[in-house]
Peer 1: 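Structure below; questions to follow.
Below, read A as the first sequence line, B as the second, and so on, with proteins coming before strands; counting in each chain starts at 1. Quick caveat: nothing in here was measured; it's all calculated off a predicted structure. Below, each value reflects all heavy atoms present in this structure, side chains not excepted, and no hydrogens, waters or symmetry copies.
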There are 2 protein chains.
Amino acid sequence: MRKQGSPSLQGEPSGEAFSRKPITARELARMLGVSQSAVSRAFTPGASIAADLRERILKYAAEVDYQPNAIASMLSKSRTNIIGIVVSDMQNPFYPGLIEKLSRSLQRIGLQSLLFNITKGSNLEEQLSALRRYNVDAVIVISATILSGSTLSWATEGRPAILINRVIEDTNLSCVACNNVEGARAIADHFHRQGARRVAYVAGLSHTTTNRERQSGFVTRIAELGMTLSVQIEGQEYSYHAGRKAALEIAAGKSTDAIFFANDILAIGGIDALKEEAGCRVPDDILVAGFDDIPMAGWPHYNLTTFRQPVDEIVRVVVEMIEGDTSALLRAATTIRLSGELIERRSTGAEPDAE
Amino acid sequence: MRKQGSPSLQGEPSGEAFSRKPITARELARMLGVSQSAVSRAFTPGASIAADLRERILKYAAEVDYQPNAIASMLSKSRTNIIGIVVSDMQNPFYPGLIEKLSRSLQRIGLQSLLFNITKGSNLEEQLSALRRYNVDAVIVISATILSGSTLSWATEGRPAILINRVIEDTNLSCVACNNVEGARAIADHFHRQGARRVAYVAGLSHTTTNRERQSGFVTRIAELGMTLSVQIEGQEYSYHAGRKAALEIAAGKSTDAIFFANDILAIGGIDALKEEAGCRVPDDILVAGFDDIPMAGWPHYNLTTFRQPVDEIVRVVVEMIEGDTSALLRAATTIRLSGELIERRSTGAEPDAE
DNA sequence: CGCCTTGTTGCATACGGATGCAAATTGGAA
DNA sequence: TTCCAATTTGCATCCGTATGCAACAAGGCG
């Protein structure tokens with residue numbers, strides 16, 4: 001242990017002053033002639049301490065700019081007040097908004113967000129081992145992909161974990177997701193109302209649960225309505241370029257009245273390809289719909305009909321799960337489905353309400 | 001302190017098994033018949049320990065799934081290996097990409113990112129006090145606005161702080177920024193080459209350094225080239241809607257050949273307004289340029305000429321500053337300017353190279 | 001007026017790992 | 001063979017806060 005040098009008179013040439021160590025509870029206590037416990041209690045709501053003592057301590061603490069050291073507090077309590085947020089794709093504009101709202105809501109109840117950016121290439125286990133070492137109070141996973149359920153179980157072992165927009169049954173992981181089947185069916189119904197009969201589906205990452213649910217919901221409803229599935233394109237990723245490529249394939253193939261892209265960023269890439277490269281008009285020649293309702297979907301050039309994910313509600317539910325008895329989450333993984341909302345815009349020929 | 005119950009034979013009804021506490025270095029040491037120091041040293045690169053002992057410990061640790069507790073380590077060392085990232089605007093698509101690259105690079109050298117999402121409305125001091133309590137090793141500020149230099153100095157007191165895309169002189173804060181003046185001048189030159197003579201500037205948040213530099217760089221160069229500044233619009237924010245609004249104002253006013261928007265998201269809002277609402281053609285009737293080179297700038301509908309910020313280099317420099325002797329950053333705040341690159345696209349009538 | 005209850009306060013120690021220092025071991029040189 | 005230096009190892013203590021427990025004070029009641 002490096003001993004803090006006693007304040008020598010033959011002082012350092014100055015300059016050292018601003019990086020001095022922060023004051024500790026013990027020091028503060030000594031200055032006030034009370035015990036360190038008293039200081040700790042003053043900062044602990046509900047602790048057994050007289051009101052006037054607490055006030056005196058807090059006042060003096062403010063004067064000398066004392067704040068309890070969070071690290072030390074983490075060590076002695078079990079809680080860190082840190083939530084691990086596992087992310088793998090911030091390129092999809094849907095996620096930044098979600099992450100922002102999430103971290104704000106968490107902050108509001110005193111929780112900080114520790115970001116774990118998972119990359120496809122490298123060693124996942126190594127990347128996630130930090131998640132375990134940091135003793136986060138809970139883990140929120142916003143990665144639709146990449147991590148297998150078993151990897152996640154390992155990484156979050158012993159602490160509550162909530163997946164957003166991904167559902168894994170029979171693990172100890174809780175899930176909060178949009179009702180993708182409902183959304184996909186709503187899109188199918190809407191296509192039908194708009195007169196489409198031959199429709200196509202463009203997948204995002206094929207093996208993700210979001211994709212599978214949207215796909216099966218759509219395809220099933222299409223059949224129920226007596227519509228034809230003209231093309232179905234498998235996907236490697238949820239991206240602008242993937243959407244573009246898929247749209248060109250569809251435009252080159254058999255006639256199609258409407259395309260449902262697995263999410264908005266795909267759909268936007270698709271619209272651009274259709275308009276700029278394939279020479280199609282949207283919605284005159286072909287209808288297009290997406291899923292999520294990212295900001296760009298509302299831009300006039302796209303005006304994309306989509307199924308809006310209930311982001312605020314997702315955030316609310318996740319935060320409630322964490323705020324509530326987290327140990328309950330450990331006993332019994334919960335899966336919650338939230339309803340979204342069909343947003344009809346011009347890309348499917350709807351006349352959007354003034355927004 | 002809650003004592004860890006001795007493993008009673010009359011066990012809990014099961015169920016408790018999966019949430020048992022992780023093993024500690026002391027326990028591991030006892031099992032191996034070595035001291036806790038040995039375990040600690042085995043995990044400390046360069047520590048004084050025999051190679052075979054280290055190997056034996058690491059091997060056994062892997063077997064019983066032991067990992068050093070990061071919190072405890074933070075308390076005894078001075079380092080937390082956590083970098084605070086202060087963000088205030090994730091809506092601007094420029095930032096998610098930056099944040100993602102930054103956090104990845106930090107992770108690569110063993111640093112985690114703790115997110116501090118600063119909201120305009122509420123009590124900043126309170127929001128930032130967490131930044132101090134968590135003892136982060138350094139702070140990276142990606143907020144072009146909101147926080148005053150003095151607030152930041154207070155919040156980061158005693159630890160290295162680096163502002164990205166914002167320059168504050170005469171504080172203890174280091175800065176890494178794009179050369180905004182160079183970029184703005186490049187845009188002015190480009191406008192001139194493309195034949196524009198009456199040009200407009202649309203500000204983002206007026207009082208931010210990025211805005212001031214881009215504005216003065218542009219306006220100065222305009223004058224040097226003998227061009228006229230037809231309009232100059234002050235701004236409240238860097239957003240799609242602000243860009244839209246500004247474009248409409250300009251379209252309604254005196255004739256203008258070209259508009260330089262303070263960043264891409266403004267420009268994109270501007271293009272939409274010009275095309276869809278004002279009935280102007282871009283670039284036929286008016287040229288448009290932005291700044292940043294966000295992904296949407298490359299989308300065919302916008303095809304926006306812009307000045308690309310050297311994101312990778314910014315990240316590299318910031319990480320190097322942190323990786324290097326951080327204490328040096330405390331003694332002498334450094335300001336680094338990086339060069340960007342003019343990306344000529346169709347919004348100014350340029351024929352883009354095939355990308 | 002004495003005893004018990006309720007409320008405060010301090011003491012001691014725990015949390016889990018890092019590290020200065022001394023003790024122990026080994027190897028090599030004289 | 002003897003002694004010193006280099007390397008390893010363990011002991012003890014520290015990091016800064018939280019909290020069980022005991023001591024202590026004040027107030028109420030019989």
Peer 1: Where do N or O atoms of nucleotides 4-11 of chain C meet protein N or O atoms at under 3.5 Å, pair by pair?
Peer 2:
residue	atom	partner	partner atom	Å
C:dT9	OP2	A:Ala50	N	2.8
C:dG10	OP2	A:Ser35	N	3.2
C:dG10	OP2	A:Ser35	OG	2.9
C:dG10	N7	A:Arg41	NH1	3.1
C:dG10	O6	A:Arg41	NH2	2.7
C:dC11	N4	A:Ser37	OG	2.7

Peer 1: Nearest whole angstrom, please: distance from the P of D:dC15 to the CD1 of A:Ile23.
Peer 2: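 Taking atom P of D:dC15 as the reference, CD1 of A:Ile23 is at 14 Å.
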Peer 1: What nucleic acid atoms does B:Ser73 come within less than 4.0 Å of, heavy atoms only: base, sugar-phosphate, or nothing?
Peer 2: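 Sugar-phosphate, no base atom in range.
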Peer 1: Could you tell me how far apart B:Leu75 (CG) and D:dC14 (C1') are, to the nearest whole angstrom?
Peer 2: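 Distance check: B:Leu75 CG to D:dC14 C1' gives 9 Å.
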Peer 1: Mind checking ring-ring contact (aromatic ring centres under 6.0 Å, His included) for B:Tyr66 and listing every partner two or more places apart, or none if nothing turns up?
Peer 2: B:Phe43
Peer 1: Rounding to an integer number of Å, can you tell me how far B:Lys77 NZ sits from D:dT13 C1'?
Peer 2: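 Value for this atom pair: 18 Å.
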Peer 1: Let me know the distance between CG of A:Asn81 and C1' of D:dT17, rounded to the nearest Å.
Peer 2: 14 Å
Peer 1: Using a 3.5 Å cut-off and no angle test, enumerate the donor-acceptor pairs between side-chain atoms of residues 47-60 of chain B and protein atoms at least two apart in sequence or in another chain.
Peer 2:
residue	atom	partner	partner atom	Å
B:Arg54	NE	B:Ala42	O	3.1
B:Arg54	NH2	B:Arg41	O	3.0
B:Arg54	NH2	B:Thr44	O	2.8

Peer 1: Using whole Å, what does the distance between atom C1' of nucleotide D:dT19 and atom CZ of A:Arg26 come to?
Peer 2: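 In whole Å, D:dT19 C1' lies 13 Å from A:Arg26 CZ.
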Peer 1: Do A:Ile162 and A:Val141 have side-chain heavy atoms sitting under 4.5 Å apart?
Peer 2: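 No, side chains not in contact.
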Peer 1: Can a salt bridge be assigned to the pair B:Asp312 and B:Lys101 using a cut-off of 4.0 Å between side-chain N and carboxylate O?
Peer 2: yes
Peer 1: Rounded to whole Å, please give me the gap between OH in A:Tyr134 and P in C:dG17.
Peer 2: 14 Å
Peer 1: At their closest point, which heavy atom of B:Gln67 faces which heavy atom of A:Ser129, and how far apart are they?
Peer 2: NE2-CB, 3.4 Å
Peer 1: Expected output is a numbered-order residue list: members of residues 56-70 of chain B with a heavy atom under 4.0 Å from any atom of DNA chain D. What is it?
Peer 2: none
Peer 1: Classify the nucleic acid contact of A:Ser40 as base, sugar-phosphate or nothing, counting any heavy atom under 4.0 Å across all strands shown.
Peer 2: base
Peer 1: Let me know the distance between CD1 of B:Ile71 and C1' of C:dA14, rounded to the nearest Å.
Peer 2: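 Taking CD1 of B:Ile71 and C1' of C:dA14, I get 16 Å after rounding.
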Peer 1: Can you tell me if B:Thr156 uses its side chain to pair, donor with acceptor, with the backbone of B:Leu152 under 3.5 Å?
Peer 2: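 Flag set: sc B:Thr156 to bb B:Leu152 pair under 3.5 Å.
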Peer 1: Indicate the atoms forming the closest heavy-atom contact of A:Met321 with A:Ser174, along with that distance.
Peer 2: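 Looking at all heavy atoms of both residues, the shortest contact is CE-CB, 3.8 Å.
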Peer 1: With a 4.0 Å cut-off on N to O distance, would you call B:Asp65 and A:Arg132 a salt bridge?
Peer 2: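 Salt bridge flag = yes for A:Arg132 with B:Asp65.
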Peer 1: Round to the nearest Å and state the distance from B:Leu32 atom CG to D:dG10 atom P.
Peer 2: 11 Å
Peer 1: For A:Glu313, is there an ion pair with A:Arg316 - N to carboxylate O distance below 4.0 angstrom?
Peer 2: yes
Peer 1: Indicate every side-chain donor-acceptor pair of residues 110-118 of chain B with a distance under 3.5 Å to a residue at least two apart or in another chain.
Peer 2:
residue	atom	partner	partner atom	Å
B:Asn117	OD1	A:Arg104	NH1	3.1
B:Asn117	ND2	A:Ser103	OG	2.6

Peer 1: Let me check the geometry of the helix from C:dC1-D:dG30 to C:dA30-D:dT1. What is the bend angle between the axes at its two ends, five pairs each, to 10°?
Peer 2: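 Between the axes fitted at each end of the helix from C:dC1-D:dG30 to C:dA30-D:dT1 lies an angle of 50°.
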Peer 1: Using the side-chain contact (heavy atoms from CB on, under 4.5 Å) definition, which of the options B:Ile140, B:Leu131, B:Ile142, B:Leu163 pairs with B:Val86?
Peer 2: B:Leu131
